[in-house]
Amino acid sequence: MVSKVDMTVSCEGLRDADVFSKSDPICVLYSLDGNRKREIGRTERIDDNLNPKFQKQITVDYHFEEVQRLAFYLFDIDDKNNDVSKADFLGKCECTLGQIVSSSNFKRPLDYQGRNYGSISIQAQEQGGMQKSVKLTLKGVKLDKKDWFGKSDPFLEFHRQLLDGSYALAHRTEYIKNTLNPRWKPMKINTRRLCDNNPDTVIRVECFDWNSNGSHDLIGEFYTTLAELEQSSAGKTFSCVHPKKKSKRGYRHSGEIVIEQITVSREYSFLEYIQGGCELNFVVGIDFTGSNGDPRDPSSLHYLGGSTPNQYTQAITAVGNVIQDYDSDQLYPAFGFGARLPPTWQVSHQFSLNGNPQDPNCHGIEGILGAYHQCINSVQLYGPTNASPIIGNVAKMAREALHQQQAKDYFILLLITDGILTDMDQTIHMIIEASELPMSIIIIGVGNADFDDMERLDGDDEVLSIGTRKAKRDIVQFVPFRDFKNVPPQKLASAVLEELPEQLASYYNALRFAPIHETLT
């Protein structure tokens, strides 16, 4: 997910670097990559002010799935060309963009030569303005027949008009075979895509007869605007006119398109929910089955003695480093499954990594890793690979959060396993239940097992189902760790987290939950 974020900077109590007047501060923003830094932007310079409120905003591309490290540097500028290489350093603040956007009032001390000197405050605002979505159910009535040996196979295309008068595709429906009176599936179109959020932008709707060779035949078209759609109600009818036939004597239209249902509603973005007070609650589940291998053996997936962290450690670190910026208390429930536990050595399909069944929370990502490393040395790896109990437990947490009727707590379960789940059917049932709750599931397959069956859980291609039950939405992202073995860990995090912002935003929008701060005001 990419959004543009405008940041407004102010400071208090800056160091006075001038002898006969006050400092003339400027703020320069750098992105950090290891020991390298690259300038992103800078504010204006303000003369003689130790408590500047900069007017010029700095714009940054925001990627939720990445840890974007930033450094704000303050300089006292006396050079007319604003050359910071000749300026006096006043202080700096290093942080992540995630920390800024998830805070309602981000304020940090400025570091000057190892000690605090003054403070910096940063407010972030997403560009793009208010979003809406149009939910439409349409049907065609008495459309023209286009096929020689049948009727027509109609589908619709929505196009928005661009500034130069041309049109860009915004949405395409499915085609319906062999009918002149089609009823298309309900559709949902974001107004940014439909009309660039401009209620007066012309929208062209074309009706085609689908052909397998790609040369679809135009049945007819009509024009509308978002403003007109917002004033429309069920029963509104548009005449579908073929541009090459409208000059013919006696021609009226090539059928009609009728609105059966329409709603135009406010659509909140992921960042609006986060800045409105929604927190991401990170939960970890780790596979302790015997197929991982003896942890004392260097070939084991749980081996801790190598120069490189094992795959479990790398996966927790990569994902956790991103999500930790969006959870204020930094307390993460962490569980294991598939091991025998002392002193009875009974198999457990869900146990606290920290050994405390009443409080499975670990403090920070380092706390999860510490509990995991300690647990490896105290349990016996066994089996089977049952993930449904942990999914069910997180679903219980999410269900309790849903009772608040607010967009407040969204749960993310990171499940790491070395093989196919033994309780696949039960797991599918649990995921289907969880699809109605504020939660998403990330599954990372470690080792070299055949994970083809696990791909079924990732509902990208088709809705997850079992028997007559179907998931309400896609909440699972599955990736094999081996696909990211020789690339930086950020690539793994990007792959498993890229769908999460849309999952969260679409879930709360479907429930018509506004961000908390809007609910309260």
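Predicted model only: the values in this text are computed from it and were never measured.
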Note, [X] side chain near [Y] side chain (heavy atom, < 4.5 Å):
X      : Y      : value
Arg399 : His403 : yes
Tyr508 : Cys278 : yes
Glu499 : Asp474 : yes
Gln477 : Ile443 : no
Arg512 : Ser265 : yes
Phe335 : Asn393 : yes
Leu50  : Ser23  : yes
Ser121 : Val9   : no

Using only heavy-atom distances, determine whether the side chains of [X] and [Y] contain a donor-acceptor pair under 3.5 Å.
X      : Y      : answer
Thr96  : Asp325 : yes
Asn310 : Tyr372 : yes
Asn356 : Ser352 : no
Gln127 : Ser3   : no
Ser440 : Tyr507 : no

task = Determine, step by step, whether Ser133 and Glu267 satisfy the side-chain hydrogen bond (donor to acceptor under 3.5 Å, both in side chains) criterion, reporting the C-alpha distance in whole Å, the side-chain angles of both residues, the deciding distance to 0.1 Å, and the verdict.
result = CA-CA 6 Å; Ser133 67; Glu267 192 89 353; 2.8 Å; yes
Item to complete: State whether Asp33 and Arg36 are salt-bridged, where the test is any N-O pair (Lys NZ or Arg NE/NH1/NH2 against Asp/Glu carboxylate O) under 4.0 Å.
Response: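 Answer for the salt bridge query: yes.
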| field | Rounded distance [0.5 Å steps], CD1 in Ile122 versus SG in Cys93 | value |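 Separation between the atoms: 5.5 Å.
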Quick check for you: to the nearest 0.5 Å, what is the distance between Asn292 atom CG and Tyr312 atom OH?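 Asn292 CG to Tyr312 OH: 3.5 Å, rounded to 0.5 Å.
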**Positive for side-chain contact (heavy atoms from CB on, under 4.5 Å) with Arg42, one of Val28, Leu29, Ile77** =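 Answer to the side-chain contact (heavy atoms from CB on, under 4.5 Å) test with Arg42 among Val28, Leu29, Ile77: Val28.
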(Q) For Tyr326 together with Phe64, are the ring centres under 6.0 Å from each other? (A)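 Centroid distance Phe64-Tyr326: below 6.0 Å, so yes.
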Begin from the C-alpha positions of His171 and Arg193 and carry the test side-chain hydrogen bond (donor to acceptor under 3.5 Å, both in side chains) through to its verdict.
-> CA-CA 8 Å; His171 183 78; Arg193 188 174 179 86; over 6 Å; no
_Before you tell me yes or no, could you show the steps for Gln405 and Phe513 under side chain to side chain contact (heavy atoms under 4.5 Å, CB included), namely the whole-Å CA-CA distance, both residues' side-chain angles and the distance that decides it to 0.1 Å?_
CA-CA 8 Å; Gln405 293 293 294; Phe513 285 3; 3.7 Å; yes
For Ser119 versus Lys107, what's the shortest heavy-atom pair and its separation?
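Nearest heavy atoms, Ser119 then Lys107: OG-CE, 3.5 Å.
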*Within 45° cone and under 6.0 Å: Lys37 NZ/CZ vs Tyr73 ring*: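 Yes, Lys37 and Tyr73 form such a contact.
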| field | NZ or CZ of Arg266 within 45° of Tyr268 ring axis and under 6.0 Å | value |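 Ring-cation test returns yes.
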Given Ser291 and Asp418, is the side-chain hydrogen bond (donor to acceptor under 3.5 Å, both in side chains) satisfied, shown in steps?
-> CA-CA 7 Å; Ser291 54; Asp418 81 319; 2.7 Å; yes
Enclosure of Glu39 CD (heavy-atom neighbours >12, cutoff 6.0 Å):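 It does: Glu39 CD has more than 12 such atoms within range.
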(message) Checking the side chain of Ser506 only, and the main-chain atoms of Gln503 only, is there a donor and an acceptor separated by less than 3.5 Å?
(response)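 A pair under 3.5 Å: yes.
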